[in-house]
Asks: 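Please see the structure below; I have some questions.
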Amino acid sequence: MVDFNKLDRTIHEKGRLAIMTLLATRSRWPFQELKNALQMSDGNLVTHLRTLHQAGYVAVTKEMLDRPLTSYSMTERGRTAFKLYIEMLEEIVKLGRG
Amino acid sequence: MCHKALTMNRSAAEEHLRIIRELMERATIYRAVSAPAALFCGLVALLVSGLALIPGPFQALFQHNFVLVWIVVCLLSATANTFFIFRSTERRQERFASYRLRTALLAIAPAFIVAIALTFFLARAAGTELFIAVCWMALYGLALLSTMTFAPRSIVILGWAFILTSVLILCVMTPVLVVTVPDRPSLMLEQLGYFAMAGSFGLYHTIYGVLVMFSARQNEHG
């Protein structure tokens, strides 16, 4: 039996789910690449990233190369939460079929 | 009521899993050969082959410097590819030395290293032009296919086209070609080498470049 209250509401929102998915694919994502891949506005993306950062799922790195570069990566806590979230989804799908 | 809630959750869960899968696939796709660079490479290969095969002032020069000519074409094409990838990353405000570029370079490196070694070995013997061309085709195809886990379908098709062409030529080339013109096998094989290069690197790259650029334009307007 699935306890739906266990579904992580921070990740469950589609925009944040997309961000977490991309962050899971490689170690670091510059802001601009995230924005291009997700086709989100700056404001929308910043808001979602801030929420994920506050939840401890996303780490921020600011560098000064030829121009300021802000990159994002998934924390261990974020990776665990994302894995749990996917397992929950799979369980829901399985239960729905059964 | 309980059943309805579960059904809704199931479809939402399936939708979320679909989003995750599609995004993961999209995030890892990388085109190691840019379409405009492929078109440039294809047209240069066709031009060079034309100059070597059609009687004219460059024919002798090109035919007697087969390896050197194609090394220059390869360097020009690599420069064009670097330029077009750089321009595309600049336009998207992304980093040129991205993780995906590094992964692609690491994947294709072994085949390119073997190609360099084979060229160095074979270029010292006479009459090996066609075999060199076939080796280049096979190893270039292998290099493209080594990126297949994160490459778009068009790159995989291009890779297979090179592999199959090289295998086909290897099956039919053996001693027959040398026997055809026994007194001047080298010249004959040089010509055949240019034909092979024109038909593969020239034609395949031109077709790939045009089709990918055309489909990209279609997607932009579609």
Side-chain angles (χ1 to χ4, degrees), chain A residues 1-9 11-40 42 45 61 63 65-74 82-98, chain B residues 1-32 34-35 82 84-107 147-152 216 219-222:
Chain A
M1 191 66 195
V2 180
D3 181 0
F4 293 107
N5 292 322
K6 277 190 186 168
L7 260 181
D8 193 325
R9 298 287 156 189
I11 302 177
H12 192 61
E13 198 283 327
K14 273 188 186 171
R16 289 195 287 274
L17 173 66
I19 294 171
M20 288 295 278
T21 304
L22 289 190
L23 292 179
T25 59
R26 54 173 130 133
S27 54
R28 274 172 75 178
W29 274 83
F31 180 82
Q32 198 59 44
E33 285 187 41
L34 266 180
K35 191 185 152 200
N36 290 342
L38 295 168
Q39 303 284 304
M40 273 188 198
D42 280 16
L45 184 56
T61 314
E63 286 172 287
L65 301 172
D66 50 333
R67 58 176 188 265
L69 183 78
T70 308
S71 305
Y72 296 86
S73 56
M74 193 181 261
F82 187 59
K83 197 167 165 267
L84 270 175
Y85 179 78
I86 291 176
E87 283 169 3
M88 281 287 287
L89 291 184
E90 284 169 344
E91 217 172 313
I92 291 167
V93 171
K94 258 188 242 166
L95 206 68
R97 280 181 188 148
Chain B
M1 185 65 198
C2 178
H3 178 71
K4 191 181 175 194
L6 186 64
T7 309
M8 282 171 68
N9 277 317
R10 183 198 159 193
S11 63
E14 280 178 336
E15 170 69 3
H16 280 210
L17 283 171
R18 187 188 59 78
I19 292 172
I20 292 167
R21 189 175 54 248
E22 283 181 5
L23 269 172
M24 280 194 160
E25 281 170 2
R26 192 151 34 107
T28 47
I29 280 181
Y30 187 73
R31 189 179 291 282
S34 90
T82 309
F84 284 114
I85 290 176
F86 180 76
R87 209 180 63 164
S88 142
T89 53
E90 279 281 289
R91 203 171 43 228
R92 297 197 306 265
Q93 294 182 287
E94 292 175 4
R95 287 172 72 184
F96 172 67
S98 66
Y99 169 80
R100 291 185 297 170
L101 175 71
R102 287 199 298 273
T103 312
L105 287 177
L106 281 175
T147 69
M148 74 191 300
T149 50
F150 51 87
N219 289 342
E220 270 173 28
H221 297 294

Asks: Go through the atoms of E15(B) and report whether side chain, backbone, both or neither lie under 4.5 Å from a heavy atom of chain A.
Replies: side chain
Asks: Given that the side chain runs from C-beta out, which part of F31(A) has a heavy atom under 4.5 Å from chain B: side chain, backbone, both or neither?
Replies: neither
Asks: How long is the straight-line distance from CD of E90(A) back to CG of L17(B), given to the nearest 0.5 Å?
Replies: 6.0 Å
Asks: Hey, could you give me the CD1/OH distance between I20(B) and Y85(A), rounded to the nearest 0.5 Å?
Replies: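 Separation between the atoms: 6.5 Å.
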Asks: Identify the residue among L89(A), T21(A), I11(A) that makes a side chain to side chain contact (heavy atoms under 4.5 Å, CB included) with H16(B).
Replies: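 Among L89(A), T21(A), I11(A), the one that satisfies the side chain to side chain contact (heavy atoms under 4.5 Å, CB included) with H16(B) is L89(A).
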Asks: Would you give the length of the straight line joining atom CG of L38(A) to atom CG of L23(B), rounded to the nearest 0.5 angstrom?
Replies: 6.5 Å
